[in-house]
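First the structure, in the form of structure tokens, and then the observations on it.
Fair warning: this is a prediction, and the values are worked out from it, not measured in the lab. Just so it is clear: chains get the letters A, B, ... in the order the sequence lines come, proteins before strands, and each one is counted from 1.
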Amino acid sequence: MTDERRPMLQAKGISKFFPGTVALDNVDLTLHGGEIHALLGENGAGKSTLIKCLTGVYRRDSGRVLLQGKEVDPTLTHHSQRLGIGTVYQEVNLLPNLTVAENLYLGRQPMRGPFVDRRRMNTQARDTLRDYGIQIDPAQPLSTYSVAVQQVVAIARAVEMSGKVLILDEPTASLDHEEVQLLFSVIRRLKDRRLAVVFITHFLDQVFDICDSATVLRNGQVVGRVDLATTSRNDVITLMLGRQLAAQVRAPKPKAGGNTLLQIEGLQKTGMLNRFDLSLNEGEVVGLAGLLGSGRTETANLIFGAVKADQGKLTFRGKEIQLRNPRDAVAQGFALCPEDRKTDGIVGELSVRDNIILALQARQGWMRKVRRKKIEAIAEHYVRTLDIRLANLDMPIRLLSGGNQQKALLARWLATDPNFLILDEPTRGIDIGAHAEIIALIGRLQQDGMALLVASSEMEELVAYSNRVIVLRDRTQVKELVGEEITSDNIIRAIAADPQVEAAV
Amino acid sequence: MTRNAFLRRITPQLIILAIVLGLNVLVFPDFFDVEMKNGRLFGNLIDVLNRGAPTALLCLGMTLVIATKGIDLSVGAVMAIAGATAASLVVEGNHWLVAVLGALSVGALCGLWNGFLVAFLRIQPIVATLVLMVAGRGIAQLITEGTILTFLDPGLIHLGAGTVLGVPTPVLIWLTLGLFVAVFVRRTALGMLIEAIGINEASSRLAGINSRVLLVCVYVVSGIGAAIAGVIVAADIQGADANNAGLWLELDAILAVVIGGNSLLGGRFSIVASLLGAMIIQSVNSLILLSGMPPEFNLIIKALLIIAILVIQSPKVGHLLYILRASAPQPHPKQLPPLKENLR
Amino acid sequence: QDMTIGFSQIGSESGWRAAETTVTKQQAEARGITLKFADAQQKQENQISALRSFVAQGVDAILIAPVVATGWDEVLEEAKEAEIPVVLLDRTVDAPDDLYLTAVTSDLVHEGEVAGRWLVDEQAGAECRIVELQGTTGSSPAIDRKAGFEKAIAGNDNLKIVRSQTGDFTRSQGKVVMESFLKAEGGENICALYAHNDDMAVGAIQAIKEAGLNPGEDIKIVAIDGVPDAHLAIANGEMNATIELTPNMAGPALDALMAYKTDGTVPPKWIQTESRLYTAADDNQAIYEEKNGLGY
Amino acid sequence: MIRSTHLPLIVTLATFVLAYALCAWQYPSMLSLRVVANLLTDNAFLGIVAVGMTFVILSGGIDLSVGSVIAFTGVFLAVVLRDTTLHPLMAFALVLVITSAFGAAMGSIIHYLEMPPFIVTLAGMFLARGAAYVLSTDSVPITHEFYDALQQVYWKTASGGRFRLIGGVMIVTFLVGIMVAHRTRFGQNVYALGGGSATSRLMGVPVASTTIGIYAISGGLAGLAGIVFSLYTSAGYSLATVGVELDAIAAVVIGGTLLTGGFGFVAGTFFGILIMGLIQTYIVFDGTLSSWWTKIVIGGLLFAFILLQKGLTWASTARRKVATGFVTPS
Ligand SMILES: Nc1ncnc2c1ncn2[C@@H]1O[C@H](COP(=O)(O)OP(=O)(O)OP(=O)(O)O)[C@@H](O)[C@H]1O
Ligand SMILES: Nc1ncnc2c1ncn2[C@@H]1O[C@H](COP(=O)(O)OP(=O)(O)OP(=O)(O)O)[C@@H](O)[C@H]1O
Ligand SMILES: [Mg+2]
Ligand SMILES: [Mg+2]
């Protein structure tokens with residue numbers, strides 16, 4: 001890339017302080033038209049904050065932003081939108097009460113005279129979304145559709161907005177392989193239209209797949225700007241973590257030794273999950289694989305009692321149990337790390353400390369308050385072992401970066417030391433360092449004899465820790481892979497396999 | 001929370017209270033005089049404490065309700081019902097304790113009803129409690145048949161007009177209850193759990209918190225608090241005035257909670273701060289009375305004072321002050337702004 | 001013949017109001033009239049729509065206790081046009097008087113005067129600093145009773161009103177405000193209390209007692225309405241005088257209506273009820289007993 | 001095209017028709033055009049404020065000041081027309097400006113100081129009523145030939161009922177309100193705010209101007225309602241329309257708008273108003289309810305309608321839940 005071309009967007013010496021944190025420390029970022037630029041860094045490195053400073057969500061404490069050489073200072077998101085900067089922020093940020101089309105065109109609806117031209121809006125929306133491979137009725141409320149669809153809509157909206165710059169903050173976190181490929185083809189098209197694209201993700205192979213160059217942040221500082229064509233994967237990782245990543249040694253998984261812990265028979269709920277059976281031993285990790293919407297989350301929620309099943313028999317340690325709601329499940333020593341951190345996981349305003357002991361406290365009941373000493377001990381312990389990055393334990397958890405929130409939630413459940421732990425997308429939005437840690441952690445928990453059920457979209461991950469993998473398709477249990485069968489290809493094949501063939505087998 | 005965190009939390013309220021009391025002294029120099037007159041403490045300060053009792057008692061429940069993202073418009077009506085119940089019971093010749101118990105259980109019942117609508121039928125709190133707000137006075141009047149039900153039972157009257165060691169009974173009642181509740185919610189995990197459901201009920205539920213029961217509880221507490229307030233008000237005038245008892249008092253209570261720096265969006269709460277809020281409001285009322293202005297100015301004075309107070313308190317202004325004080329933002333948790341920085 | 005009469009009542013904001021409602025129902029019953037009762041919850045708009053509904057329903061006549069004097073022309077015209085006679089109770093309206101049959105009311109200003117004159121005579125030239133408990137700010141009784149009282153004491157510069165604040169016609173406010181009066185003026189410096197209604201006076205009496213003074217002696221108390229509790233207070237010497245506002249406005253009104261219906265005798269435009277002064281001279285205990293039944 | 005979100009609207013309509021049918025069946029004389037005319041006339045001012053309230057509630061806010069603003073407007077007009085030679089139309093314009101500005105001021109406080117609407121408008125409620133008191137405590141009649149002229153504008157039905165100007169004003173207000181809410185960008189932004197103000201900010205909704213605009217509209221419509229009320233009573237009275245804000249809120253809720261914001265229809269509010277009016281009329285026609293039973297019955301009916309709405313929204317969301325399998329607090 002020849003740098004004498006005038007950059008499309010240039011950020012110079014951006015700093016941002018938060019009470020207790022220096023989120024950004026004099027950060028430079030340079031984007032060129034027709035360049036796809038990756039923004040890399042651990043959880044809490046400051047990626048999202050940088051984006052928010054660039055697009056006027058936060059006021060930056062110092063630094064300048066130049067768009068095509070002209071100094072700009074967007075103080076509101078719609079300023080930056082008018083400047084031609086389209087952004088997808090980290091969490092899906094759309095309005096569930098509006099229709100898909102309304103979300104797509106909010107603020108720039110096609111008008112007829114003084115009035116919004118709904119018909120045109122809907123048809124346009126339908127066409128746009130078709131390019132992203134989803135066929136839905138854009139006149140329906142957004143809330144009717146899944147996280148996946150919502151994510152796609154958000155991306156589509158940003159793309160439509162971006163005349164000059166498109167910023168995507170972890171857009172692929174909740175997308176499937178196909179959907180990612182679709183997205184990439186769109187991005188490439190934009191690249192040809194000489195847009196500058198910023199792409200934030202923790203999936204390095206996606207980075208190397210599509211990005212030209214990358215800026216790496218660590219603890220709010222730029223530690224390097226690299227041309228990906230000439231850089232190796234390991235160098236990037238080292239740059240991000242500031243250390244070598246302990247080579248992903250796949251310790252031979254401990255055999256599922258223990259005796260049967262939980263037996264699930266004929267669990268089902270119409271419209272959510274068809275008959276699901278599972279027998280789980282102590283110290284066993286069972287993976288749940290499947291496409292988006294295949295029903296992994298539903299399975300998890302049904303087992304945990306978050307959603308009441310129509311029927312199904314649960315036998316725990318030999319005796320049958322009824323789970324009418326999460327409380328019953330917790331009482332039995334179950335735990336569930338939900339998929340949607342923001343809405344089902346964190347309690348935003350509460351301190352990290354309170355969030356960590358929440359489940360434990362809930363189980364003890366409100367009368368018996370956990371002693372302060374113990375609270376401190378627990379909190380300190382998990383912050384250390386999971387290496388949660390925070391200013392102090394009293395800060396509201398919503399101020400943690402996405403990945404660190406995820407870790408805190410894990411801590412919440414480990415604190416209750418459960419004997420059956422359900423993880424729904426545990427590594428979603430988590431940086432490679434932490435990713436490795438969590439996988440290692442799963443291994444350790446397993447050794448301690450805990451049984452785990454892990455729903456994940458990442459094959460390698462499943463392969464890494466599962467003793468068994470159950471494959472779901474269209475809310476039905478279609479295949480179970482054991483031991484040596486567990487390879488990415490087999491899983492993918494099972495997922496993709498044509499129902500007829502399945503039936504024949 | 002630690003002592004100085006607690007102090008930091010209630011500082012704004014203390015300052016404002018001081019200011020308003022100061023204004024009182026301005027319009028009425030010997031405002032702080034307190035003397036003994038025939039066996040009871042006598043003075044404006046005592047009046048503020050005494051007249052603030054109903055609002056303070058309403059605050060207790062209201063604070064908890066608001067912490068769960070709710071609101072309880074029915075407390076005024078519940079006061080009327082409770083007063084009417086107590087009065088009619090003593091008039092029928094029951095012992096005053098029976099009457100009080102009766103009133104309290106009626107209050108609890110009202111709270112149960114509200115809680116049921118909110119927690120189980122999932123009706124938005126404002127509407128849910130609006131129902132009882134409208135119907136409640138009717139029920140109260142149904143009990144008194146529209147008349148002011150006068151009674152002479154000394155035991156009951158003592159609760160409103162009596163004194164213990166010269167201190168008006170209502171003052172003792174609200175101070176004890178207030179202290180009790182404030183300590184109780186923090187000594188137990190109740191406070192934290194309530195805050196949790198107020199902030200994110202879905203998560204709390206998944207974490208195994210029994211949100212419904214907690215929700216019902218806070219409304220019951222609110223109902224009981226209102227009932228006590230109702231009994232006190234009735235006892236104070238030796239009669240149950242179903243139509244006027246606690247009229248619009250729910251608004252004062254909500255104001256007090258907000259002046260106490262608690263967010264109407266639920267979450268973190270401080271009972272003590274709310275109680276201070278109640279006292280602030282009562283001081284404003286006393287200021288109006290003492291000022292001797294013609295009554296048509298009452299409302300406008302109250303409005304302006306309250307607006308001033310709220311503006312001073314608003315997180316934004318608080319943050320601005322913080323920025324002005326700390327020239328350069330230092331990354332030390334100790335220097336956190338009293339009112340935490342608002343995300344936009 | 002059986003008549004159907006619509007009665008639009010303001011609400012039930014005070015004991016007196018409740019009594020008026022009760023008496024009206026009793027009076028109607030006594031005359032074999034079916035009474036359609038509509039409580040307006042203190043809202044004029046409800047009263048107006050109630051009147052319209054009565055008209056739409058085609059009642060034979062309408063009684064209304066207007067919440068405020070203004071704003072009745074339109075709806076009264078509609079009633080007139082439907083040939084439904086309207087009688088006003090306890091308050092007149094400022095509409096052309098051909099729009100209603102008659103008004104049975106006391107004279108609010110006069111009540112105030114009676115109270116004032118009583119105090120003038122009582123003090124007989126002696127110095128007296130008066131505190132006043134006003135009714136609900138803006139309500140016509142509050143305004144007129146204040147005016148009347150001031151008119152009566154005008155020119156007696158031994159009498160002057162030192163503090164005047166609203167007690168919203170309620171007992172509790174009466175007590176609260178009286179307390180602040182006692183503090184602000186010092187109980188011994190107050191010689192008389194004039195309350196716009198008895199409820200406030202009864203509340204104030206308790207405040208005075210709690211301040212360690214003797215209501216009725218240390219502080220003379222005159223109020224208006226003549227509710228049972230006031231008579232009781234007078235009987236106990238805790239209050240000095242009350243001016244009765246009879247809750248029986250319906251009696252005369254219905255008589256006038258019957259007469260008008262049967263042989264078209266047109267009543268006078270204003271039937272004024274007596275505003276009688278009660279003092280310790282009367283047998284208040286007896287009055288208390290008898291009035292207690294009326295649902296005050 | 002019918003969406004699941006249209007359901008509440010349809011229900012409200014159905015409820016009204018059903019309720020009216022029942023009333024008419026019990027009191028045939030309620031079927032007269034006259035009663036219909038009365039419904040429109042007597043609820044005109046309430047309807048107009050309710051339109052404003054709908055916008056506020058759709059945006060997730062609430063406006064408690066409207067009742068007082070109506071009273072203030074009335075008194076202001078009465079005093080101005082009494083003490084000055086200003087022509088009513090001028091006075092109208094003036095008062096509309098004042099009330100809109102008042103609303104806008106509250107809106108700005110709510111937005112810039114990030115204070116909860118409930119409290120800000122509560123203070124506004126005290127302030128407006130207080131201002132009315134200061135202008136005049138006792139009720140001031142308005143005697144101006146222009147007023148008489150306006151009051152003479154009506155269409156008289158055979159049964160003697162009158163469709164008055166103010167009823168027309170209300171209907172026009174509703175029509176405009178519907179168009180603005182559902183067909184303009186501003187309307188969309190209102191719904192967006194209701195869906196979540198933080199999110200809408202990220203999506204580039206001009207939150208400031210929208211919020212201020214919403215409360216300005218609510219204030220302005222309260223002013224208009226005040227004008228209508230002064231035509232209705234040809235007087236200004238500082239104690240008038242106490243607690244009307246609650247009636248308006250109730251009407252909006254019965255009309256199927258969610259207080260949490262984001263869901264609902266202006267048209268629904270119209271039927272909400274009619275239902276409230278119907279309740280009043282029914283109670284008067286019945287004529288046997290004592291003061292207290294009146295209150296209880298009103299409360300009960302309010303509850304019944306809310307429950308009905310609840311049931312339907314629940315039914316529709318329940319279907320959606322099955323469709324997507326997301327975890328939502330039951
Ligand atoms: N409003 C805030 N107040 C205080 N600290 C904040 C705030 N927002 C973010 N932070 C802190 O700033 C740092 C950077 O956060 P940021 O969300 O930018 O990280 P990130 O790179 O996006 O991480 P992830 O990859 O997990 O999303 C984190 O340590 C976070 O705790
Ligand atoms: N691409 C899609 N198009 C339409 N609907 C979808 C799509 N993806 C998911 N859904 C809907 O979302 C609902 C639940 O999706 P969900 O994500 O919970 O399934 P999942 O198997 O847990 O996938 P993941 O856990 O990876 O998100 C499904 O019922 C489906 O109707
Ligand atoms: Mg991020
Ligand atoms: Mg899932």
Atom NZ of residue position C:K151 - does it have more than 12 heavy atoms of other residues, nucleotides or ligands inside 6.0 Å?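 No.
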In terms of heavy-atom pairs under 4.5 Å, which option from [options] contacts chain C the most?
options                      : answer
B:T144, B:D47, B:D241, B:V27 : B:D47
B:L290, B:D236, B:N44        : B:D236
B:G43, B:S286, B:G39         : B:G43

Pairwise distance OG1(B:T147) to CG(C:L294) - rounded to 0.5 angstrom: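 Spacing of OG1 (B:T147) from CG (C:L294) equals 11.5 Å.
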Point-to-point distance, once rounded to the nearest 0.5 Å, from CD of B:Q141 to CG of C:D39: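 Separation between the atoms: 8.0 Å.
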Heavy-atom pair with the smallest gap, counting every atom of B:G292 and C:R163: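 Looks like CA-NH1, 3.5 Å.
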Which bit of B:N298 comes within less than 4.5 Å of chain C, counting heavy atoms only: side chain, backbone, both or neither?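 Only the side chain of B:N298 comes within 4.5 Å of chain C.
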Contact origin within [X] toward chain B - heavy atom pairs under 4.5 Å:
X      : result
C:A211 : both
C:E210 : both
C:Q134 : side chain

Hey, which residues of residues 164-199 of chain C are touching chain B, say heavy atoms under 4.5 Å apart?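 Listed by number, the contacting residues are C:S164, C:Q165, C:T166, C:T170, C:R171, C:S172, C:K175, C:V176, C:V177, C:E179, C:S180, C:K183, C:A184, C:D199.
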Under 4.5 Å, heavy atom to heavy atom, which residues of residues 239-247 of chain C contact chain B?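 The stretch does not come within 4.5 Å of chain B.
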